Amino acid sequence: KNTAMSILKRSLLKIIVIGDSGVGKTSLMNQYVHKKFTHQYKATIGADFSTKEIQIDDKLVTLQIWDTAGQERFHSLGAAFYRGADCCVLVFDVNLLRSFETLQNWHEEFLKQADPVNPESFPFVLIGNKVDVNYGRSQAVPEMTVKDWCASRGNIPYYETSAKEDYNVDHAFTSIARIALAYE
Ligand code: GTP
Ligand code: MG
């Protein structure tokens, strides 16, 4: 029927989004997939995924984005879905130092649970969310600290976003798709 579409190669990419409770993982996914944002906080229990189809060069990519629970008591439920991931997105709140400090644990825990064939080359992406809060004032997590951390872990790409203002969300996820595609 659609010849333009039929010549495109297809790909299904599994993306796992992890990080502390309240940093905005669900909000980022809802903004990216559904173009919606709500101020109400509803904790994610376990994990759930949404899909979005995008075209990258000559490929029709289905992004299967797994939004997991940050809350400690639901954490292990989410970790059960790490296996088979093509990319792991680590999220922190740029206004909350604690949410940056725990990334170390999230990173280690992911590699342990997902158990990728080649842990050294497994692609991670870092997102610093909620840049709309305190915009223009000194950041709780200095950019240099973030850049150093990324560099020490094999140059993890870093994006600053606001799920609330829909700032840089599309760009971040398109980059994530490209990175996952290159690894797949
Ligand atoms: P868990 O499911 O518990 O792991 O939390 P989460 O990471 O999914 O956080 P969630 O997306 O539910 O967001 C937590 C709160 O932060 C909600 O009240 C959101 O409205 C708010 N929030 C999320 N992103 C942003 C943002 O970019 N800016 C601002 N100002 N608030 C945000
Ligand atoms: Mg959530």
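These numbers come from a predicted model, not from an experiment. Both ligands and their constituent atoms are indexed starting at 1 by order of listing.
Distance from atom 28 (N) of ligand 1 to its nearest protein heavy atom, with residue and atom name: D132 OD1, 2.7 Å. For atom 9 (O) of ligand 1, the closest non-hydrogen atom of the protein is G24 N, 3.2 Å. Counting only heavy atoms of the protein, atom 24 (N) of ligand 1 lies nearest to N129 ND2, 3.2 Å. The single protein non-hydrogen atom nearest to atom 23 (C) of ligand 1 is S27 OG, 3.2 Å, given as residue, atom name and distance. Closest to atom 12 (O) of ligand 1 among all protein heavy atoms lies Y41 CD1, 3.3 Å. Of all protein heavy atoms, the one lying nearest to atom 20 (O) of ligand 1 is T38 O, 2.7 Å. Closest protein heavy atom to atom 7 (O) of ligand 1: K25 NZ, 2.7 Å. Here the heavy atom of the protein found nearest to atom 5 (O) of ligand 1 is G22 N, 2.9 Å.
Residue contacts with ligand 1: A163 is placed with a nitrogen or oxygen under 3.5 Å of a nitrogen or oxygen of the ligand (distance criterion only). When only interatomic distances are considered, the shortest N/O to N/O separation between T161 and ligand 1 does not fall below 3.5 Å. For ligand 1, the polar-atom distance check against H39 finds a nitrogen or oxygen pair separated by under 3.5 Å.
Proximity of L90 to V125: side-chain heavy atoms (C-beta onward) are nowhere separated by under 4.5 Å. In this structure, the side chains of V117 and F122 stay at 4.5 Å or more apart for every pair of heavy atoms.
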Can you list the steps and then say if T44 with T26 is a side-chain hydrogen bond (donor to acceptor under 3.5 Å, both in side chains)? CA-CA 8 Å; T44 302; T26 301; 2.8 Å; yes

Chi angles and distances behind the salt bridge (Lys or Arg N to Asp or Glu O under 4.0 Å) call for K9, D58:
CA-CA 7 Å; K9 293 173 211 137; D58 64 338; 2.8 Å; yes

**Request:** Check the pair E165 / K130 against salt bridge (Lys or Arg N to Asp or Glu O under 4.0 Å), numbers first and verdict last.
**Result:** CA-CA 9 Å; E165 304 295 338; K130 305 199 190 185; over 6 Å; no

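Note on T26: counted as a metal contact of the Mg ion (ligand 2), an N/O/S atom lying under 2.8 Å. Among the atoms of S27, no N, O or S atom is found under 2.8 Å from the Mg ion (ligand 2).
Listed by atom number, the atoms of ligand 1 under 4.0 Å from A69 heavy atoms are 4 (O). Heavy-atom contacts of S21 reach the following atoms of ligand 1: 1 (P), 3 (O), 4 (O), 5 (O) (cutoff under 4.0 Å). If you number the atoms of ligand 1 from 1 as listed, the ones under 4.0 Å from a heavy atom of T44 come out as 2 (O). Of all atoms in ligand 1, numbered sequentially from 1 with element shown, those under 4.0 Å from a heavy atom of G70 are 1 (P), 4 (O). Atoms of ligand 1 lying under 4.0 Å from any heavy atom of V133, numbered from 1 in the order shown and given with element: 30 (N). Every atom of ligand 1 with a heavy atom of D20 under 4.0 Å away is listed here by number and element: 7 (O).
Side chains of Y183 and S121: a donor-acceptor N/O pair is absent below 3.5 angstrom, by distance only. Neither side chain, T161 nor N168, offers a donor N or O lying under 3.5 Å from an acceptor on the other.
When K130, Q40, E165, Q31 are checked for heavy-atom proximity to atom 31 (N) of ligand 1, K130 turns out nearest.
A cation-pi arrangement is found for K52 relative to Y32, the charged atom lying closer than 6.0 Å to the ring centre and inside a 45° cone about the ring normal.
When all heavy atoms of R83 and A114 are compared, the pair lying nearest together is CG-O, 3.6 Å. Nearest approach of V17 to V91, heavy atoms of both residues: CG1-CG2, 3.7 Å.
Ring-plane geometry between H171 and Y159 is classed as perpendicular, the angle between the planes exceeding 60 degrees on a 0 to 90 degree scale with a lower cut at 30. In this structure, H107 and W149 have perpendicular ring planes: the angle between them is above 60°, well past the 30° mark.
For the pair F37 and ligand 1, a heavy-atom separation below 4.0 Å is found.
For H39 and Y41, the ring centers sit 6.0 Å or farther from each other.
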